[in-house]
Amino acid sequence: MKKQDMSRRSFMKFGAAGMVAVPLAGLGWTTTAAAAERLDENSAEAKALSYVHDATTSEHDSYQEGQQCINCLLYTDPSQTEWGGCAVFPGKLVNANGWCTAYVARG
Ligand code: SF4
């Protein structure tokens, strides 16, 4: 085998591996970033819905005792008892004890 053939083969082999690795790396970054970021209570999006990390501190007229993210229909995974996803705040984690004006009682 000529040296030139070897380098072409090596290039094709690693080039193909690189094309597979880039999308996977991108996916990993997106997933990790989405899972790690907690919603900032003071952000504009949180304030727009009067979100608080601790529901009992809410002074909003709509808040009713016992309402918490963990028993809200929009909390994506009730098995997450500390921080979890919310359909209203995609890519962010909300506190299981939190609350916002979009609260919908779970069944
Ligand atoms: S929609 Fe429900 S789960 Fe999401 S922040 Fe508001 S109360 Fe919490």
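Since the structure is predicted, the reported quantities are computational estimates derived from the model, not experimental observations. For ligands, and for the atoms within them, numbers begin at 1 and follow the listed sequence.
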For a 4.5 angstrom cut-off between non-hydrogen side-chain atoms, does [X] reach [Y]?
X      : Y     : result
Asn42  : Lys47 : yes
Lys92  : Glu45 : yes
Gln68  : Tyr75 : no
Tyr103 : Leu74 : no

(message) Would a single hydrophobic cluster contain both Ile70 and Val52, if residues Ile, Leu, Val, Met, Phe, Trp and Tyr are joined by side-chain heavy-atom contacts under 4.5 Å?
(response) no
(message) Which label fits His60 and Trp99: parallel for a plane angle under 30°, tilted from 30 to 60°, or perpendicular past 60°?
(response) tilted
(message) Which of the protein's N, O or S atoms come within less than 2.8 Å of atom 6 (Fe) of ligand 1, not counting waters?
(response) Cys100 SG
